[in-house]
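All chains are named by letter (A, B, ...) in the order of the sequence lines, taking the proteins before the strands, and each is independently numbered beginning at 1. A quick note: this is a predicted structure, and the numbers were derived from the prediction, not measured.
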Amino acid sequence: MNYSVKIDKKWQKRWEEQSLYKFNKDRIAKKLYCLPMFSYPSADKLHIGHWFNYGLMDVWSRLKWMQGYEVFQPMGFDAFGLPAENYAIKTGIHPRLSTMQNIDFMRKQLKAMGLICDWDYELSTCSKEYYRFTQLLFLKLYEAGLAYQKEAPVNWCPSCQTVLANEQVTEGSCERCQSTVTKKNLRQWFFKTTAYQAELVDCLKELDWPNETKRIQTHWIGRSEGVYVKFSVPKLQQELTVFTTRVDTLYGVTFLAMAPEHPLVAQLALPEYQEQVKQYVEAAKEQSERERMAGALGDKTGIFTGSYAEHPLTKEQLPIYITNYVLLGYGTGIVMGVPGHDQRDALFAKQYKLPIKKVVGENGEQEREVLINSAEFNGLQPKEAKQHIAQELAQRQLGGPGTEYRLRDWLVSRQRYWGTPIPIIYCPACGAVPVPEDELPVVLPDDVSFTPDGESPLKKCQTFMSVNCPKCNASATREADTLDTFVDSAWYFLRYPDNKNNSEPFDQKLINEMLPVDMYVGGREHAAMHFLYARFITKALRDLGYLNFGEPFRSLIHQGVILGTDGQKMSKSKGNTVSPDQYVEKYGADVFRMALMFGFAFREGGAWDEGFVRSITRFVGRMEQLFCELPGQTSSETIVNQKLDALRHRVIQKVTQMIERFQFNNAIAQLMELCTALGNYKAAGANFNKPFYRELLADFVRLLAPLAPHLAEELWSTLEHENSVFKEQWPNYDPKKLELSEIEWALQINGVVRQKLLLDSSIANKEDVEQVVLASEKVKPYLAGKQVLKVIVVPKKLVNIVLK
RNA sequence: GCCGAAGUGGCGGAAUAGGCAGACGCGCGCGACUCAAAAUCGCGUUCCGUUCUCGGAGUGUGGGUUCGACUCCCACCUUCGGCACCA
C-alpha cells in the first residue's frame, strides 16, 4: 500500500469513527439535499463515469458543507432490471445473488471514494422494504385512476417467443437472436402521465434546469394549440371531427384522411368499397409500426371509402380516405387534407390525383403572405385568419379551439422477472382486484427457473401465481408482470431521508421539510424519461395528499460522458475501458478525482488521457513541498506581503465561484496559481514571514478541502490542527484586499493594444485617467501629428484612444 | 425534415451584462542537476515576418453593428444531440 492509499484509509477510518458525516436532523432548517443519481449495479463495477458523477458532485457538496449547510448526500442502488436477468439466463446465477454481490462490491468502491455520505440512509430498490412501498404507491395510483389497464402493442420476438422491453430491441431486431421484432397486442398497465401533461409543461419554466433538457421535455410532451373542425357526412348522418393547427388553410381542404384503426372506418366504407377497405385495413395492421413509419417520409398509401364529407363553410364534397400516415393516437385520428400547405398531404394528393388548392400566397401589392381563395377571409394574414375562421366556426357551432399533446401514457408493465411485482390479483368472478395493503409486499419469489423458453419465470412459478381472491376467496391468479424499473427510480429520492420507515413510504412532515432536492446531478440521457417520470409521480403524490410540493428537483445539472482514449464511448467489446481502480490504488482517491476535475469541463466530458493524472500528481508534489522545511524565523509578528495577500483573496473568490458553478477545472487552475505563488514566496527567502505564510497555508488547505478531502486533512494535521478541516469554515475573501496599490491598464490606440501602463490606484475617475494617460511618455509617440477624437476609459482595465 | 447545442494553439481547456484571446495544464524544445537515464527544477512555446524590438494575421466561413466582437445581429459550413408522418 502506498502513501496516498494509506492517507485515504486513514482519514476514511477517522471520519467514520467520528461520525463526521452523520446527517443531523436537528439542523434540518439548514439542510441541503444533494443528489447524485443512484447507480445501477449491473455486472460491471464502478466505472469512470460513476467517479465523474459522484466524485465531482461531492466537491460541490463539500463546499456547501463548509459554508455551513447540513448536507444530505445519500447513496443507493437501482437494483432491479434486465441485465441481471439476462445474466441469469446465461449463467444460471440468480439475479438476487449477482445483484447483491455487485452491490457489496460497489459499496466498497463507493466508500473508497471518500464521499460525504451517511450510509445509514442507503437504499436498494430490490429489497422488500423498498418495493413494498413501490407497490403501495402503485395501488394508490390505481385507486386514484392514475394506473389503469388497456390493450396495447408490445414488442414481440417470434423466435424467442417472448415479449421484449424497448431496451432489448435494437434497430427493430431482437437483441439476443436478431430476429425482426413484431407487435403483439397484450393487456398492459399504464400510468396516466397525460393527466398532468399541461402542468408538466407549464412548471418547467420555474425550474433551474438546463434549457436543453427543458426543451426536450417540452417537445416530448408536445403541446399544440389548434382548432377542432366538424365535417358532416350527410348521407350517413355522421359527423367527423378533425384537429388542426392550421385552420387558416381551411379553404384548402380537398379530402379527409383517417387512421386505419379508426372505429368509424367500417361505417364509412360504402358497400362497393367494403372489401378493398377491409383488405387495406388488415394489411395496415399487419405492418409493424416500424414498416409503417419507414423512413423520414414513408410512402403514403390509402384507400377511398366511397364516402364524402361536406366542407363546413363551402359545402364542397370532400372524399374520405383511409391512410397509413394518420395516427389514431393523436388528435381525433382524422386529418383534414390540405395538399397546398402540408407536405404529407401533398405527397398523398399527388399519388392519388387529388386536387391541390393554394389558399395562402402573395397577393400583388402586399409583401407578406395573405389568404387567397378563401372567400371573405381573403387578404388576411394567416395569424388573423386563424382567429377569424375559428370564430366563424364557433359561431356556427362547427368547431372550437382545442389543445392536443404528443405525450402518451407511460406503459409500466414488463413481462420480466427481476422487478417489482404488480400487486394485482385476477379473480374469475371479481376481475382485477388490488392486493390489500396489509398484505404487502407481494414478495418476488426466489425459487424460479431461468429457462429461456419464452415464458416469464414468474408465470411458471405456481406457488407465486396461485392465490385466493381477496374479495371472494375463490382461487385466482396473480399478475405475472413486473413494473418498469423506472417506476422504482421515480420515487427513490422521497424514500432516502426516511429509508427505515416500516409503516409508510415516508413520513410526510419530514419529507416536506427535506425536499425538494436542492441539487440533482445526473445524465442528460434521462431528459424525457426518469426526469419526467419523477415529476409525474411527485405531482400525483401531491394530489393524493402525500406531499406539499409538486416539483422534485429544484436544480439539475448533467455531467458529461467520459470516453475512451480513442475518443469512442467506452465499451468492453472495443477494449477501451479505463478502470478507476487502477488509478485509485496507485495514486489515491484525491489524485484521481482531481484528474477528472482538471481534465474536462464537467458538463462536457471527453476522452480520457493519462496526462491528467500526471499533471495532478505533479501538482500534489509541489503542494506538499509548501509544507516541508519552513525557513526558520523567529518573528511572531505577521508581516503581510500585499501582492500575495491580494492573490489569496482573489483565489478565495474564484475558487468559491468556480466550485459553485461546477467549473472544477478552473477551481484547480486557481489553486495551482496560489501554489506557485506560495512556492516562490517561500523560495525567495529574504522577506519571508512565517506567521503570514502559515496563515496562507491554512487558507490553501481550506480551499483544497472540497477538491481533495483526504489530502487536505493530512496537510491540515501537519499545520498542527487537531480537528478535521471539515469543521472549519469556508474562507471569505475581502473585496478591499483584492486591489493592489498600482493597477495595470491596457492602452489601446484605435482599438489595438499597444502598451501597458502602471497607474496608482488612487487615479480612478475618468478625467484623471484620461489626463494622466495622454500626458504619459509611453503614449506620446502615438499621438504625434494625429488628432484625438475620443478617449474611452473602462475603469481599472483599459483606455482606448481614438485617433484621426 | 423540424428543434437544439457546439466549433478557440499540436492536445485538454480558460476568457461572454462587448474591454489586454490562449489562464491553468499536457506535449514539445532548450538549459540545470546526473557518468547516464528517470524524476525534479528553470526558461520558451498561436501563426507569419523580424533588425529581439517590433510589425502583421488570428477564436469554423463570409458579411454587419461598435471606439472596441470568441462574445451581439444576418447568411452559410461542419460536428454532436433530441424528435421524427403529432395534422
A/Y352 ring center near A/F304 ring center (under 6.0 Å): no
Take the protein atom CG of A/L747 and the nucleotide atom C1' of B/rG19, then report the distance between them rounded to whole Å. 13 Å
Separation of atom CG in A/L318 from atom P in B/rA87, rounded to whole Å: 21 Å
Please give, in whole Å, the distance from B/rA87 P to A/D342 CG? 9 Å
Using side chain to side chain donor-acceptor pair (under 3.5 Å) as the criterion, point out the one residue from A/Y280, A/Y321, A/Y325 that pairs with A/T301. A/Y280
B/rG68 and B/rG81, which share atom name C1', separated by this distance in whole Å: 35 Å
Less than 6.0 angstrom separating the ring centers of A/F531 and A/W220, yes or no? no
Find the distance A/I616:CD1 to B/rG25:C1' and express it as a whole number of Å. 8 Å
Heavy-atom nearest nucleotide on RNA chain B for A/I668 versus A/F602: which residue maps closer to 5'? A/F602
Hey, does A/W745 reach any base, or is it just sugar-phosphate, or nothing, if we go heavy atoms under 4.0 Å? nothing
Taking atom P in both B/rG42 and B/rU51, compute the distance separating them and give it to the nearest angstrom. 31 Å
Between A/F600 and A/F602, ring centroids under 6.0 Å: no
According to side-chain hydrogen bond (donor to acceptor under 3.5 Å, both in side chains), who are the partners of A/R535, at least two apart in sequence or on a separate chain? A/Q217, A/E551
Does a donor on one side chain and an acceptor on the other come within less than 3.5 Å for A/E225 and A/T403? yes
Does the separation of the ring centres of A/F619 and A/F598 fall below 6.0 angstrom? no
Please report, rounded to the nearest Å, how far the P atom of B/rC20 is from the CZ atom of A/R754. 16 Å
hbond_proxy A/Q748 side chain to B/rG19 base (donor-acceptor, 3.5 Å cutoff): yes
Expressed in angstrom and rounded to an integer, what is the separation of A/L563 atom CG from B/rC80 atom C1'? 11 Å
Using the criterion of both pairing distances under 3.5 Å for Watson-Crick and G-U wobble pairs, give all stems of 3 or more consecutive pairs involving RNA chain B. B:1-7 with B:77-83, B:10-12 with B:24-26, B:27-32 with B:40-45, B:46-49 with B:54-57, B:60-64 with B:72-76
By the 4.0 Å heavy-atom rule, please label A/V753 as base, sugar-phosphate, or nothing. sugar-phosphate
Rounded to the Å, how far apart are A/K756 NZ and B/rC20 C1'? 5 Å
Should the side chain of A/K797 and the base of B/rC20 be counted as holding a donor-acceptor pair, with the cut-off at 3.5 Å? no
Side chain of A/R215 only, heavy atoms from C-beta on: which candidate in B/rC24, B/rC3, B/rC85 is closest? B/rC3
Should A/R622 be listed as having a side-chain N or O under 4.0 Å from OP1 or OP2 of B/rU40? no
Rounded interatomic separation in angstrom, taking CG from A/L789 and C1' from B/rG68: 14 Å
